Amino acid sequence: MLEIEYEFREEDLVNFNEGQYLKSKSIQDSINKNRWILPGIVLLISAFYLYYYRDVKAASYLAGVAVLWAWLSPKLVMYDLRRQILKNYTPKERKNMFGTYVLTIDPANPTYLYEKSPSGKHKMLWSELVRVEYGKRSVYIFITLDTALVIPVETVKRGDLGKFADQAQKMIERYA
């Protein structure tokens with residue numbers, strides 16, 4: 001029987017959602033447009049002020065605003081995303097979501113992944129799970145295309161994460 005115990009925290013939820021958010025092509029395009037087009041327009045206006053009015057002070061202020069916008073806008077977007085992610089959950093949902101998780105692969109009953117979490121005990125059919133994905137700081141067992149069990153490497157208390165993730169991938173492929 002393979003078993004793994006780990007702690008799931010708020011920062012793990014935020015990191016997973018940020019990663020999913022940043023993988024979206026439309027979101028990436030939107031961030032890049034916001035980051036480069038608006039500052040480009042402001043720099044053109046700055047050049048206009050410099051060339052036609054010979055107003056170095058106004059042109060430099062506008063150029064400074066453009067550079068700051070290009071540098072800070074992605075950071076502001078990510079800060080707002082973090083705030084929105086945490087705002088989506090009620091205090092009761094947070095209480096049931098964060099804490100100690102135990103995942104078990106039982107050879108005696110191999111059709112289920114067993115989960116013991118702060119919200120209770122659950123069984124998930126391997127045939128309903130999508131894939132296992134390895135991140136920089138976490139392993140993800142995807143339940144749907146955009147929902148996953150997040151297993152942060154640094155909070156694993158018991159068990160071998162590598163063996164568990166490999167076996168989980170094999171079980172998902174076997175029952176797919």
Side-chain angles (χ1 to χ4, degrees), residues 4 6-101 103 117-119 128-157 161-162 164-166 168-169 172-173:
I4 190 161
Y6 64 95
E7 192 78 24
F8 183 63
R9 308 161 299 187
E10 271 187 25
E11 68 187 68
D12 302 319
L13 174 69
V14 170
N15 289 336
F16 172 74
N17 282 297
E18 277 182 1
Q20 293 299 103
Y21 185 78
L22 291 175
K23 284 181 184 178
S24 168
K25 180 75 172 142
S26 63
I27 298 298
Q28 282 293 335
D29 291 344
S30 175
I31 288 174
N32 284 333
K33 284 178 188 174
N34 190 27
R35 185 176 192 177
W36 299 115
I37 291 177
L38 182 65
I41 292 169
V42 173
L43 282 173
L44 286 175
I45 294 169
S46 171
F48 175 78
Y49 267 83
L50 185 62
Y51 183 72
Y52 284 107
Y53 297 119
R54 304 278 186 231
D55 189 352
V56 176
K57 191 174 184 180
S60 61
Y61 281 137
L62 287 172
V65 166
V67 169
L68 279 174
W69 183 264
W71 181 59
L72 288 176
S73 68
K75 293 174 182 5
L76 292 172
V77 167
M78 294 313 291
Y79 173 76
D80 187 52
L81 173 68
R82 286 175 180 257
R83 190 182 53 75
Q84 287 178 15
I85 289 168
L86 295 174
K87 195 169 97 174
N88 283 336
Y89 300 101
T90 66
K92 184 178 179 184
E93 287 173 325
R94 286 183 186 183
K95 182 181 176 194
N96 289 334
M97 188 182 313
F98 303 122
T100 302
Y101 281 69
L103 300 179
S117 67
S119 64
E128 294 177 354
L129 299 178
V130 180
R131 69 182 181 280
V132 175
E133 193 173 293
Y134 298 89
K136 291 180 184 175
R137 298 179 294 187
S138 300
V139 173
Y140 309 103
I141 301 175
F142 279 83
I143 299 168
T144 65
L145 292 176
D146 58 353
T147 307
L149 291 170
V150 179
I151 307 170
V153 174
E154 62 191 32
T155 65
V156 172
K157 296 177 181 177
L161 181 57
F164 187 87
D166 290 342
Q169 182 63 43
I172 290 171
E173 289 170 0

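From a predicted model like this one, the values you see are computed outputs, not experimental measurements.
- Legend: residues meeting ring pair (Phe, Tyr, Trp, His ring centres under 6.0 Å) with Tyr53, ordered by chain and number and at least two apart, are Phe48, Tyr49.
- Legend: salt bridge (charged side-chain N to carboxylate O under 4.0 Å, His left out) pairs involving residues 85-101, not counting sequence neighbours, sorted by first then second residue: Glu10-Arg94.
- Surrounding OH of Tyr79 are at most 12 heavy atoms belonging to other residues, nucleotides or ligands under 6.0 Å away.
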Without placing hydrogens or testing angles, list every side-chain donor-acceptor pair under 3.5 Å for residues 36-47, not counting sequence neighbours.
| unit_1 | atom_1 | unit_2 | atom_2 | d |
| --- | --- | --- | --- | --- |
| Ser46 | OG | Ala59 | O | 2.6 |

Show me, pair by pair, the donor-acceptor contacts under 3.5 angstrom made by side chains of residues 19-27, not counting sequence neighbours?
| unit_1 | atom_1 | unit_2 | atom_2 | d |
| --- | --- | --- | --- | --- |
| Lys23 | NZ | Glu133 | OE2 | 2.8 |
| Ser24 | OG | Ser26 | OG | 3.2 |
| Ser24 | OG | Ile27 | N | 3.4 |

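- Residues Leu145 and Arg131 meet the side-chain proximity criterion, which asks for heavy atoms closer than 4.5 Å.
- Using a 4.5 Å cut-off on side-chain heavy atoms (C-beta onward), Ile143 and Val130 make no contact.
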- request: Report the C-alpha separation of Leu81 and Met78 in whole Å, then their side-chain angles, then the decisive distance to 0.1 Å, and conclude whether the side-chain contact (heavy atoms from CB on, under 4.5 Å) test is met.
  value: CA-CA 5 Å; Leu81 173 68; Met78 294 313 291; 3.8 Å; yes
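- Not counting sequence neighbours, Asn32 has no partner by the side chain to side chain donor-acceptor pair (under 3.5 Å) test.
- For Val156, the side chain to side chain contact (heavy atoms under 4.5 Å, CB included) criterion is met by Ile4, Tyr6, Ile151, Leu161, not counting sequence neighbours.
- Scanning for side chain to side chain donor-acceptor pair (under 3.5 Å) contacts around Tyr61 gives an empty result, with sequence neighbours left out.
- Pairs passing the side chain to side chain donor-acceptor pair (under 3.5 Å) check and including a residue from residues 135-157, sequence neighbours excluded, read Glu7-Lys157, Arg9-Glu154, Thr100-Lys157, Thr144-Asp146, Thr144-Thr147.
- Asp80 pairs by the side chain to side chain contact (heavy atoms under 4.5 Å, CB included) definition with Arg83, Gln84, not counting sequence neighbours.
- In this structure Glu18 satisfies the side chain to side chain donor-acceptor pair (under 3.5 Å) test together with Arg82, sequence neighbours excluded.
- Looking at Asn17, its side chain does come within 3.5 Å of a backbone N or O of Leu13 through a donor-acceptor pair.
- Under the salt bridge (charged side-chain N to carboxylate O under 4.0 Å, His left out) criterion, no residue pair touches residues 48-59, with sequence neighbours excluded.
- Residues Tyr101 and Asn96 share a closest heavy-atom pair of OH-O, 4.2 Å.
- No side-chain heavy atom of Ser117 sits under 4.5 Å from any side-chain heavy atom of Phe8.
- With sequence neighbours left out, Ser73 forms a side chain to side chain contact (heavy atoms under 4.5 Å, CB included) with Asn34, Arg35, Trp69.
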